[in-house]
**Student:** 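Please see the structure below; I have some questions.
Just follow the structure's listing: the first ligand is 1, and inside any ligand the first atom is 1. This one's a predicted model, so the numbers in the text were calculated from it and none came from an experiment. FYI, side chains are in, hydrogens and waters are out, and symmetry mates aren't considered; it's all heavy atoms of this structure.
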Amino acid sequence: MEKEKFYPVRRYIELQKKAISDSESFWGKEAEEIPWFKRWDKVLVWKEPFAQWFVGGTLNASYACVDVHLHSWRKNKIALYWEDERGNTKSFSYTQLHREVNRFASVLKNLGVKKGDIVVLYSPMIPELVISMLATARIGAIHTVIFSGFSSQSLADRINDTGAKVLITADFGVRRGKLVALKEIADDALNSTPTVKKVVLVRRTREEVKMKEGRDCLYHELMKDAENYVEPEVVESTHPLYILYTSGTTGKPKGIVHSTGGYLVYNYATYKWVFDISDESIYWCTADVGWVTGHSSIVYAPLLHGATIIMYEGVPDYPDPGKWWEIIERYGVTIFYTSPTAVRMFIRYGEEWIKKHDLSSLKILGSVGESINPEVWKWYYKHIGGERCPIVDTWWQTETGGIMISPAPGIELVPLKPGSATLPLPGIDAEVVGDSGEPMTPGVKGYLVIRKPWPGMTNGIYKDPDRYKEVYWSRFKGMYYTGDYAIKDDEGYFWLLGRADEVLKVAGHRLGTAEIESAVIATPFVAEAAVVGIPDPIKGENIVVFAILKEGHKPTDKLKKEIIGTLRKQIGPIATPKEIHFVTKLPKTRSGKIMRRVLKAIVQDVAVGDVTTLEDEASVEEIKAGYEEFKQMLKGKPKRKKVGKKQSRSNNN
Ligand code: AMP
């Protein structure tokens with residue numbers, strides 16, 4: 001009886017429920033832990049689906065992440081270690097970071113940036129990216145970081161949605177020993193972004209780049225005349241801190257807005273719970289700052305806590321697969337947070353690379369971005385964590401602003417189950433529901449929803465409140481729809497089962513099938529396209545394109561290459577498909593909707609299921625035959641294979 005009373009799951013759930021039942025006072029208490037200029041009058045004003053957190057409170061994110069530490073022993077502590085693939089390093093103490101942030105804030109002011117203006121950042125993983133984000137926040141402006149793997153078209157679309165006047169970029173990024181010509185990509189985008197009047201260029205290399213007179217300025221030149229101190233702008237808790245674009249089910253990316261107070265409070269609290277973070281932590285999150293994980297886990301949460309962050313520019317296995325383990329050993333990393341894709345890649349390289357390094361500094365391991373398969377979890381636990389470090393499998397989204405479902409060793413370490421993100425964090429009312437919003441019985445698959453507002457939640461989609469309501473709040477009454485499938489087991493543990501909508505997760509990167517399809521259709525010879533995700537042993541999911549050619553075009557490898565080229569140009573290298581199949585028909589419902597589920601089943605070689613609403617069942621057989629043929633080709637077997645009665649009309653050349 002006594003033992004049962006202290007059973008951690010029960011104790012944790014009790015605490016969790018208490019936080020939900022009295023959520024305003026719970027979050028109010030958490031909010032007291034970050035520095036405010038003025039205390040809030042009201043914890044929450046909730047007009048579904050828009051929440052205003054800590055209303056009446058004022059603060060500044062750059063002050064809370066940097067200035068506050070200058071009043072303590074942390075002022076000479078390292079805030080940021082940076083390293084690149086070649087082993088070049090830089091470090092900034094909190095005092096040095098403060099100086100850089102202030103000086104760049106002064107630069108931005110001199111360029112005419114004011115409170116509420118949007119500043120776009122398109123940068124490699126260099127310290128100037130963190131400095132620019134904090135400097136933007138310091139003057140009350142709003143940053144929009146665009147992942148540096150995105151193409152000129154993606155960059156232009158996002159800049160045009162924001163109407164930003166200033167772009168901060170770099171001459172080059174460095175990846176796998178090669179230069180990525182970011183300024184050239186930015187210049188291409190800038191041809192169609194009339195609002196941008198000033199470009200600030202960080203010199204990452206000594207290579208020559210073209211500069212446009214009157215528009216382009218050099219970061220280091222502007223910094224020469226900068227002031228050492230800029231008073232932090234006092235902003236309301238509800239003032240937007242940033243906009244981050246993410247993919248949805250339509251071709252147009254969504255600008256997810258996060259407010260200052262709610263976002264910071266939520267991230268402060270959750271990093272304490274999930275990572276047990278403290279100012280002694282050496283925290284390394286390997287995500288790119290261009291994604292929400294990078295925003296919260298590289299910049300805001302660890303700095304709020306006065307921890308030391310590691311920022312690495314490069315790929316995991318270059319110059320060799322020992323690079324990451326060497327970094328952990330050299331800096332004494334205590335918390336290591338990465339993606340299942342990266343772990344799966346290291347499994348392939350074997351343990352020899354790991355054994356060469358002392359990883360005993362590690363205390364907690366994290367996983368994010370996609371489900372982690374149980375066998376991958378076990379390998380991570382054994383070979384990286386030395387069977388000593390709990391793995392926190394953290395489920396969250398750009399829209400949630402912070403981690404929602406995860407083990408929380410900072411509160412109570414519940415027994416871990418490989419492959420499950422375990423339980424929702426305190427104050428998070430997560431549920432798995434069926435089609436009419438009813439809670440599912442344990443063990444049955446349903447949709448993951450959140451039934452109560454939480455401080456990290458988005459303020460909506462930039463300039464599109466209706467789309468926000470429609471996408472997230474119309475599917476189930478009074479519930480936030482995540483777009484994910486999940487199962488809750490009989491102990492209340494959550495098992496995430498991938499997306500329920502037309503969104504893919506390729507190596508943890510979020511891409512919409514619709515945006516890939518519209519890029520494929522942009523090639524002059526494609527009439528129609530459908531895109532599906534298929535399981536991939538390393539990337540979790542990979543892209544498969546089905547395309548119908550316009551009259552007069554024959555399927556060739558050259559056309560495939562052109563499609564790949566278009567995808568890389570319109571979206572970026574992350575959208576490079578694994579397979580392209582030319583077909584003459586696509587399975588559609590009678591109302592004309594492409595049945596991607598049918599395509600997916602064919603590609604995965606599983607039962608297609610009910611096709612009674614299909615317009616033309618022949619297309620199923622046809623695609624199936626085409627796919628069989630393709631598989632045979634890969635195996636080097638004879639080309640033709642009969643499927644059922646019909647002979648394939650599709651071609652996979
Ligand atoms: P993003 O907004 O790009 O971070 O993508 C959010 C999506 O990533 C979620 O809706 C999930 O589909 C997926 N995701 C993130 N973390 C996890 C996790 N720990 N387990 C399973 N899926 C995850």
Side-chain angles (χ1 to χ4, degrees), residues 145-147 149-150 242-249 253-258 267 270 274-275 285-298 337-344 365-374 376-377 380 391-408 416-425 428 430 432 445 447-450 456-458 461 471-472 475 480-488 493-513 515 533 535 539-541 572 574-575:
V145 182
I146 316 284
F147 172 55
F150 276 128
Y242 66 81
I243 301 171
L244 187 58
Y245 283 85
T246 190
S247 297
T249 51
K254 303 175 274 193
I256 299 298
V257 184
H258 281 290
N267 276 289
T270 51
V274 173
F275 292 107
C285 165
T286 67
D288 193 285
V289 175
W291 308 109
V292 73
T293 309
H295 279 57
S296 296
S297 305
I298 297 179
Y337 192 26
T338 196
S339 66
T341 291
V343 181
R344 287 191 289 259
L365 301 177
S367 171
V368 63
E370 41 179 324
S371 299
I372 179 161
N373 344 28
V376 175
W377 192 105
Y380 192 25
I391 295 179
V392 291
D393 176 2
T394 61
W395 178 88
W396 55 306
Q397 307 179 301
T398 308
E399 296 86 340
T400 68
I403 301 166
M404 304 285 280
I405 305 177
S406 169
L416 301 175
K417 299 185 189 181
S420 165
T422 72
L423 300 158
L425 293 178
I428 300 305
V432 176
K445 180 173 163 181
Y447 305 100
L448 178 65
V449 295
I450 316 291
M457 70 189 283
T458 176
I461 299 175
V471 175
Y472 304 99
R475 178 85 200 252
Y480 168 83
Y481 173 56
T482 63
D484 274 31
Y485 282 127
I487 282 180
K488 207 163 103 167
Y493 279 50
F494 284 71
W495 299 76
L496 281 309
L497 303 175
R499 298 288 305 192
D501 55 8
E502 306 297 353
V503 167
L504 308 182
K505 274 297 200 133
V506 181
H509 303 318
R510 184 161 156 185
L511 291 161
T513 52
E515 65 184 313
K539 294 181 172 183
E541 201 168 19
I574 52 170

**Student:** Among all protein non-hydrogen atoms, which one is nearest to atom 11 (C) of ligand 1, and what is the separation to 0.1 Å?
**Tutor:**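 Its nearest protein heavy-atom neighbour is D484 OD2, 2.9 Å.
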
**Student:** Counting heavy atoms only, which part of Q397 comes closer than 4.0 Å to ligand 1: side chain, backbone, both or neither?
**Tutor:**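 It is both parts that get close, each with some atom under 4.0 Å.
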
**Student:** For W291 and ligand 1, answer yes if some heavy atom of the residue is under 4.0 Å from a ligand atom, otherwise no.
**Tutor:**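 The answer is no: ligand 1 sits nowhere under 4.0 Å from a heavy atom of W291.
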
**Student:** Kindly indicate whether the side chain of L448, heavy atoms from C-beta on, has any atom under 4.5 Å from the side chain of I405.
**Tutor:**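 The answer is yes; the side chains approach within 4.5 Å.
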
**Student:** Side chains of E399 and T246: donor-acceptor distance under 3.5 Å anywhere?
**Tutor:**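 Result is no, nothing qualifies.
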
**Student:** Does a donor on one side chain sit under 3.5 Å from an acceptor on the other, for T293 and Y337?
**Tutor:**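 The answer is no; no qualifying pair exists.
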
**Student:** For ligand 1, does R499 get within less than 4.0 Å through its side chain, its backbone, both, or neither, judged by non-hydrogen atoms?
**Tutor:**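 Contact part for R499 vs ligand 1: side chain (C-beta onward).
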
**Student:** What atoms in ligand 1 come closer than 4.0 Å to a heavy atom of R510?
**Tutor:**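 Reading through ligand 1 atom by atom, the close ones are 1 (P), 2 (O), 3 (O), 5 (O), 6 (C).
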
**Student:** What atoms in ligand 1 come closer than 4.0 Å to a heavy atom of T394?
**Tutor:**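 In order of number, 16 (N), 17 (C), 18 (C), 19 (N).
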
**Student:** Tell me every residue that passes ring-ring contact (aromatic ring centres under 6.0 Å, His included) with F150, counting only those two or more places apart in sequence or in another chain.
**Tutor:**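 ring-ring contact (aromatic ring centres under 6.0 Å, His included) list for F150, sorted by chain: F147, W291.
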
**Student:** Would you mind running through ligand 1 and noting each atom that sits below 4.0 Å from a heavy atom of K505?
**Tutor:**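 So the answer, numbered in order with elements, is 1 (P), 3 (O), 4 (O), 5 (O), 6 (C), 7 (C), 8 (O), 13 (C).
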
**Student:** Would you please determine whether A421 falls within less than 4.0 Å of ligand 1 on a heavy-atom basis?
**Tutor:**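 Outside the 4.0 Å threshold, so no.
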
